[in-house]
Amino acid sequence: MTKTAERRPIADAAVHQVPAPPPVGGRRRRRLLDQARAYAFLLGGLLCFALFSWYPAIRAVVIAFQKYTPGSKPQWVGTANFTRVLHDPEFGAAWRNTLTFTLLALLVGFAVPFLLALVLNELRHAKAFFRVVVYLPVMIPPVVSALLWKWFYDPGAGLANETLRYLHLPTSNWSNGTDTALISLVIVATWANMGGTVLIYLAALQSIPGELYEAAELDGANLLQRVRHVTVPQTRFVILMLMLLQIIATMQVFTEPFVITGGGPESATVTVLYLIYKYAFLYNDFGGACALSVMLLVLLGAFSALYLRLTRTEGDTA
């Protein structure tokens, strides 16, 4: 019995013996294989970006300096496409309408989602239901949404004017009036795209520590003061990034004027992207379309760089 008891620790030590580490060359080879596997997965995404995003963008820049029609050999024309586009009577109207649409979208479409997120954040019951309701327009295809609003804006039997008549209020031409068409499209774009913005704001609001609101209440701050001194500073980064993304998106508005108004009435809703569509698919002038695209790309790129630089400098100073 004594000999068995003496031999058992030796056997246990043999069983629990730590294996020898692999050689250095084996570890390096395994690390290289892991890196190669990771880059192989990354290569698929890079190829998709190169084929469907980067190559078309580079090709558009090249065509902007060429006379190009499908089925014919491209001819280098320098800046002739830019000169011709600049002298187009619709060029000024398109940029004016695009900038006006962007400004109205910031005034209407930027404040409404933030206010809705504040309301949803204060709810105590049925939060999930109202989140689905707010996000529902995003799940509707954009063309279907635009067609629904086109019927809604119909000056004859549209739901908007029928509701106004029922309330004994004056009717409107909505998307058929030169003075009201652009703001009508802003309402459509705001309704169709605010769901995702509301959820992002809501996630940012729920990440704010509750102690900050409790401290503000103890100091006697009312609701507006809590929003101004707690909510806005804590969500400042999200607000700035969403503002930048919204400006870039609204500068490229196309679906609403294409489906609802067709650029009318009297070019009141012709945007830059809609003018690009007309050059490419109505005038068969791909050089002019690409020239307009390059102008829009340069403007948005310069604005994005300036905006990010200013916000970064302000953040570093703060």
Novice: Please give me the minimum heavy-atom distance between Arg59 and Pro74, naming the atom from each residue.
Specialist: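 Between these two residues, the closest heavy atoms are NH2-CG, 4.5 Å.
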Novice: With hydrophobic residues grouped by side-chain heavy-atom distances under 4.5 Å, do Leu123 and Val133 end up in a single group?
Specialist: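 Yes.
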Novice: On a heavy-atom basis, which atom in Val294 and which in Ala64 lie closest, and how many Å separate them?
Specialist: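 Scanning both residues, the minimum pair turns out to be CG2-CB, 3.9 Å.
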Novice: Heavy atoms, side chains only, cut-off 4.5 Å: are Tyr201 and Ile239 in contact?
Specialist: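 Side-chain contact under 4.5 Å: yes.
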Novice: Is there a path of hydrophobic side-chain contacts, each under 4.5 Å between heavy atoms of I/L/V/M/F/W/Y residues, joining Tyr39 to Phe41?
Specialist: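 Unlinked, Phe41 and Tyr39 end up in two clusters.
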Novice: Do other residues, nucleotides or ligands put more than 12 heavy atoms under 6.0 Å from Phe303 CZ?
Specialist: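 For Phe303, atom CZ is crowded (more than 12 foreign heavy atoms under 6.0 Å).
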Novice: To the nearest 0.5 angstrom, please state how far the OG1 atom of Thr79 sits from the CG atom of Leu86.
Specialist: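 The distance works out to 9.5 Å.
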Novice: Does any non-hydrogen side-chain atom of Thr100 lie less than 4.5 Å from one of Leu182?
Specialist: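 Heavy-atom side-chain distance check passes, below 4.5 Å.
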Novice: Do you know which of Asn121, Thr197, Val198 makes side chain to side chain contact (heavy atoms under 4.5 Å, CB included) with Leu116?
Specialist: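 Only one option passes, and that is Val198.
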Novice: Between Ile260 and Leu185, is there a side-chain heavy-atom distance shorter than 4.5 Å?
Specialist: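 In short, these two side chains touch, coming nearer than 4.5 Å.
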Novice: Please answer whether the main-chain N or O of Gln66 pairs with a side-chain N or O of Asn81 as donor and acceptor at a distance below 3.5 Å.
Specialist: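 Here the side-chain-to-backbone pair exists.
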Novice: Less than 4.5 Å apart, any side-chain heavy atom of Phe101 and any of Thr271?
Specialist: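 Result no, sub-4.5 Å side-chain heavy-atom pair not found.
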Novice: Are Leu275 and Leu292 side-chain neighbours, meaning at least one heavy-atom pair lies under 4.5 Å?
Specialist: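 A side-chain contact exists here, since the closest heavy-atom pair is under 4.5 Å.
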Novice: Is the NZ or CZ atom of Arg96 positioned over Phe91's six-membered ring, under 6.0 angstrom from the centre and within 45° of the axis?
Specialist: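 Because its charged atom misses either the 6.0 Å distance or the 45° angle limit, Arg96 does not stack over Phe91.
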Novice: Just checking, any donor-acceptor pair under 3.5 angstrom between side chains of Glu90 and Ser267?
Specialist: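 There is such a pair between these side chains.
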Novice: Is Phe152 close to Asp154 at the side-chain level, that is, under 4.5 Å between some pair of heavy atoms?
Specialist: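 No - every pair of side-chain heavy atoms lies 4.5 Å or more apart.
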Novice: With no hydrogens and no angle check, is any side-chain donor or acceptor of Ser175 less than 3.5 Å from a backbone partner on Thr261?
Specialist: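 No; judged by distance alone, with no hydrogens or angles, the pair does not exist.
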Novice: Looking only at heavy atoms, which two atoms of Pro113 and Val108 are closest? And how far apart?
Specialist: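 In this case the closest contact between Pro113 and Val108 is CD-O, 4.4 Å.
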Novice: May I ask you to test the Arg131-Val134 pair for a side-chain heavy-atom distance under 4.5 Å?
Specialist: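 With C-beta onward as the side chain, the pair stays apart.
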Novice: When you look at CD of Glu266, are more than 12 heavy atoms from neighbouring residues, nucleotides or ligands closer to it than 6.0 Å?
Specialist: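 No, because the 6.0 Å sphere around CD of Glu266 holds 12 heavy atoms or fewer from other groups.
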Novice: Given 3.5 Å as the limit, does a donor-acceptor pair link the side chain of Arg165 with the main chain of Thr171, or not?
Specialist: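 Here the side-chain-to-backbone pair does not exist.
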Novice: Taking all atoms of both residues into account, what is the closest heavy-atom pair of Ile208 and Leu212, and its distance?
Specialist: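 Scanning both residues, the minimum pair turns out to be CG2-CD1, 4.2 Å.
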Novice: Indicate yes or no for a side-chain donor-acceptor contact from Gln246 to the backbone of Ala105 under 3.5 Å, with no hydrogens or angles considered.
Specialist: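 It does hold such a pair.
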Novice: Let me confirm one number: the CD-OG distance from Gln234 to Ser207, rounded to the nearest 0.5 Å.
Specialist: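 OG of Ser207 is found 8.0 Å from CD of Gln234.
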Novice: Carefully, step by step, assess Lys150 and Val188 under the rule side-chain contact (heavy atoms from CB on, under 4.5 Å).
Specialist: CA-CA 9 Å; Lys150 185 177 182 179; Val188 177; over 6 Å; no
Novice: Under a 3.5 Å distance rule, please check whether Ser145 uses its side chain to pair with a backbone N or O of Pro141 as donor and acceptor.
Specialist: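 No; judged by distance alone, with no hydrogens or angles, the pair does not exist.
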Novice: So how far is it from Ile276 CD1 to Gln252 CD, rounded to the nearest 0.5 Å?
Specialist: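 Those atoms lie 8.5 Å apart.
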Novice: If you count the non-hydrogen atoms of other residues, nucleotides and ligands that lie under 6.0 Å from CZ in Arg228, is the total more than 12?
Specialist: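 Result for CZ/Arg228: open.
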Novice: To the nearest 0.5 angstrom, please state how far the CG atom of Leu147 sits from the OG1 atom of Thr255.
Specialist: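 Leu147 CG to Thr255 OG1: 10.5 Å, rounded to 0.5 Å.
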Novice: Going through the checks in order, is the side-chain contact (heavy atoms from CB on, under 4.5 Å) test met by Val272 and Trp95?
Specialist: CA-CA 6 Å; Val272 175; Trp95 281 100; 3.6 Å; yes
Novice: Can you establish whether the number of heavy atoms outside Tyr283 located under 6.0 Å from its atom OH is more than 12?
Specialist: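 Enclosed.
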Novice: Please find out if less than 6.0 Å separates the ring center of Tyr279 from that of Phe286.
Specialist: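 No.
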Novice: Nearest 0.5 Å, what's the OH-CG distance between Tyr68 and Asp285?
Specialist: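 Taking OH in Tyr68 and CG in Asp285, the distance rounds to 12.5 Å.
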Novice: Taking it one step at a time, do Leu164 and Asn161 satisfy side-chain contact (heavy atoms from CB on, under 4.5 Å)?
Specialist: CA-CA 5 Å; Leu164 293 175; Asn161 279 344; 3.9 Å; yes
Novice: Measuring from Tyr274:OH to Asn97:CG, what's the distance to the nearest 0.5 Å?
Specialist: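 Here the rounded value is 12.0 Å.
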Novice: Would you say the side chain of Phe114 lies within less than 4.5 Å of the side chain of Val238, judging by non-hydrogen atoms?
Specialist: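 Of all side-chain heavy-atom pairs linking Phe114 with Val238, none is under 4.5 Å.
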Novice: Describe, in one word, how the ring planes of Tyr277 and Phe258 are oriented to each other, choosing from parallel (under 30°), tilted (30 to 60°) and perpendicular (over 60°).
Specialist: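 Tyr277 vs Phe258 ring planes: perpendicular.
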Novice: Group every Ile, Leu, Val, Met, Phe, Trp and Tyr by side-chain heavy-atom contacts under 4.5 Å, then state whether Leu169 and Leu159 land in the same group.
Specialist: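 Same cluster.
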Novice: Only pairs at least two apart or in different chains count here, so list each side-chain hydrogen bond (donor to acceptor under 3.5 Å, both in side chains) that has a residue in residues 209-218.
Specialist: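 Of all non-adjacent pairs touching residues 209-218, those that pass side-chain hydrogen bond (donor to acceptor under 3.5 Å, both in side chains) are Tyr213-Thr231.
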Novice: Could you walk me through whether Ser304 and Leu244 satisfy the side-chain contact (heavy atoms from CB on, under 4.5 Å) test, starting with their C-alpha distance in whole Å, then the side-chain angles of each, then the deciding distance to 0.1 Å, before giving a yes or no?
Specialist: CA-CA 7 Å; Ser304 301; Leu244 174 61; 3.9 Å; yes
Novice: Among Arg31, Arg30, Arg37, find the residue that satisfies the salt bridge (charged side-chain N to carboxylate O under 4.0 Å, His left out) test when tested with Asp34.
Specialist: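 Per the salt bridge (charged side-chain N to carboxylate O under 4.0 Å, His left out) rule, the option paired with Asp34 is Arg37, out of Arg31, Arg30, Arg37.
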Novice: Treat each ILVMFWY residue as a node, draw an edge where side-chain heavy atoms are under 4.5 Å apart, and state whether Ile58 and Leu47 are in one component.
Specialist: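 Each belongs to a different hydrophobic cluster.
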Novice: Would you say Thr269's side chain and Gly263's backbone share a donor-acceptor pair under 3.5 angstrom?
Specialist: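 Between the backbone of Gly263 and the side chain of Thr269 there is a qualifying donor-acceptor contact (under 3.5 Å).
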Novice: Spell out, yes or no, whether Leu136 and Leu199 are grouped together once hydrophobic residues are joined by side-chain heavy atoms under 4.5 Å, including indirect joins.
Specialist: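 Yes, same cluster.
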Novice: Looking only at heavy atoms, which two atoms of Ala60 and Cys290 are closest? And how far apart?
Specialist: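 Distance-wise, the nearest heavy atoms are O-CB, 3.2 Å.
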Novice: Where is the tightest heavy-atom contact between Thr180 and Ser172, given as atom of each residue plus distance?
Specialist: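 The pair with the smallest heavy-atom distance is CG2-OG, 4.1 Å.
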Novice: Once you measure the plane-to-plane angle for Trp76 and Phe65, does it fall in the parallel (<30°), tilted (30-60°) or perpendicular (>60°) bin?
Specialist: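 If you compare the ring of Trp76 with that of Phe65, the planes turn out parallel.
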